[in-house]
Amino acid sequence: MSLAWRKSAIAMVAAGVLVGSMAACSSERDTGSGSTDSGDAEDMLVGIAMPTKSLERWNRDGSHLEELLTDAGYETSLQYADNKVDQQITQLENMINQGADILVIASIDGTALGPTLDQAADAGITVIAYDRLINDTPNVDYYATFDNYGVGTMQGEFIEEALDLPGGAGPFNLEPFAGSPDDNNAKFFFAGAWDVLSPYVESGQLVVPSGKGPQSNDDWASIGIQGWSSDTAQSEMENRLNSFYAGGTQVDVVLSPNDSLALGIAQALEGAGYAAGPDYPVLTGQDADQANVLNMIAGKQAMSVWKDTRALGDQVATMVDQIVAGDTVEVNDEETYDNGEKVVPTYLLPPQVITPDTVDVLVDSGFYQASDLGM
Ligand code: GAL
C-alpha cells in the first residue's frame, strides 16, 4: 500500500471527523446561568484526585482544573497517587477529613472506592467522577468525560478507511491492544473499535497472527495492558513480533487504545527493524501526547484521538459552580453510564482525530506551542 495513497485516505478521514467535531470542542468555560461569584466559592474546599503524574495528560488535567477553581475563589487540594490505589484512597480520606465540600476524582481502579465514597456521602460531599467512571457505589453524583465509545469508533474507522477495507482490500495483519483492565473507559474504547473491525476479522480481510483477537467485546481485558504502561505494551509487542513474525511476516496495522501504549509499541516496532515509510504499520493512539505527536510527524504513528482536557476541566469547573450555587447541574447523557448501582448523570465532550496532516489544530488551539512540536 503506497504511502501517498494512504496519506490521502488518512487526510480524507481526518478532515471528515475534524469538521464534524470542531464546532463542539471549545476551551471556553461555560459561564451560563449557573456561574457562581467568588463569594459562594470562598470557604469551599474542592478535592482533586488524579491517578498519576507518569502519564502526560493527567498533569494537564490537574493543573488546569486547579487553576480554574483557584481563580474562581475555591480552596483546592490537588493530589496525584502514582497509580497506587491505596494511596489514592488515603488521599481521598484526608480530603474528607479536611472538610472537602466537593470531590473530583479520576480513579485508578473504578471498583475500589465504594467504602471511601460511603464516608464522603456521610459527610455530605458531592462527588464528580472525572474522565473515568467510578463503579459499584451509589455515591457518585456526576460524571464528566469524553465520548469513550466514540474514541474507539474513531480508531476503528480510521483503520477501516486507511486500509480501504470497505473496498475489499486485504488481508492485512492486525495486532489489537486494549487499555488497563481496572479502567472502566477501556472497555468502551475497545468496543467502539472492535464493533468496526471485527466484521473484517470474520471476513478474513484482517488477520491476527498472534491469535490475540478477542472473540467478543466482553473479552477485551484478555489483551489489556495494566496501568496503561508503555513498558508493558512494548514487551507484549516484542513478544508477539518474536513469536509470530519471525519468518518475514509483516505487521500492517496495530490498534492501540491510547498514546502511552502506542509509544511502547512504536519502540518494539523500531527494535524489530520497522522504519517510518510506506510499509510502516498503521498505528492508532489517543490523548495527543507530545511524544506521540512528534512520532506522528516523524511517520511512526498514523493518528491520535485528541481530547482537549482544557474543555473537560472547564466543564467540571462549571459543574462545581452549579453545585455550589444550588443550580441544576448541566448533563447531556443520562442513559449510557450505569455504574452497577445507578445510571450516573454525565456530561460527554466530543473527541477529535488528529493526523500528521492536522497537527496544526493542536497549535492553533493553544494546546501546544509550535516549538513543542519542532515546528
Ligand atoms: C483513560 C483515559 C485516556 C488515557 C488513559 C491513560 O482513562 O480516558 O484518555 O489517558 O486513561 O491514562
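These values consider heavy atoms only, across backbone and side chains, with no hydrogens, waters or symmetry-generated copies. Read the numbers this way: they start at 1 and go in the same order the structure lists the ligands and their atoms.
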**Fill in**
Residue, atom and distance of the protein heavy atom nearest atom 2 (C) of ligand 1 read Asp131 OD2, 3.3 Å
**Prompt:** Which protein non-hydrogen atom lies closest to atom 12 (O) of ligand 1, naming both residue and atom, and how far is it?
**Reply:**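 Answer, as residue, atom name and distance: Trp58 NE1, 2.9 Å.
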**Request:** Closest by any non-hydrogen atom to atom 11 (O) of ligand 1: pick that one out of Arg57, Lys307, Arg132.
**Result:** Arg132
**Item:** Residue part near ligand 1, for Phe189, under 4.0 Å between non-hydrogen atoms
**Value:** side chain
**Prompt:** If you measure from each non-hydrogen atom of Phe146 to ligand 1, which part falls under 4.0 Å: side chain, backbone, both or neither?
**Reply:** neither
**Request:** Mark yes or no: Arg132 above the aromatic ring of Tyr143, with NZ or CZ under 6.0 Å from the six-membered ring centre and no more than 45 degrees from the axis.
**Result:**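 No.
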**Prompt:** So, Tyr337 and Asn148: side-chain donor and acceptor under 3.5 Å apart, yes or no?
**Reply:**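 Present: a donor and an acceptor within the cut-off.
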Should you measure from each heavy atom of [X], which atoms of ligand 1 turn up under 4.0 Å away?
| X | value |
| --- | --- |
| Leu55 | 6 (C), 12 (O) |
| Asp287 | 3 (C), 4 (C), 9 (O), 10 (O) |
| Asp183 | 1 (C), 7 (O), 11 (O) |

**Lys/Arg-Asp/Glu bridge criterion (N-O < 4.0 Å) met for Arg57, Asp131** =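 The answer is yes: the pair qualifies as a salt bridge.
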**Salt-bridge criterion met for Lys84 and Asp86 (N-O under 4.0 Å)** = no
**Request:** For Asp338 and Val343, indicate whether the former's side chain and the latter's backbone hold a donor-acceptor pair under 3.5 Å.
**Result:**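 Side chain of Asp338 to backbone of Val343, a donor-acceptor pair under 3.5 Å: no, none is there.
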**Step-by-step ring pair (Phe, Tyr, Trp, His ring centres under 6.0 Å) determination, Trp306 to Phe367** = CA-CA 10 Å; Trp306 177 42; Phe367 193 72; 5.3 Å; yes
**Message:** Regarding ligand 1, does Asn148 bring an N or O atom to under 3.5 Å of one of the ligand's N or O atoms?
**Reply:**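 Not met; the criterion fails.
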**Request:** Evaluate side-chain contact (heavy atoms from CB on, under 4.5 Å) for Asp219 paired with Trp194, printing each intermediate quantity in order.
**Result:** CA-CA 11 Å; Asp219 189 28; Trp194 212 235; over 6 Å; no
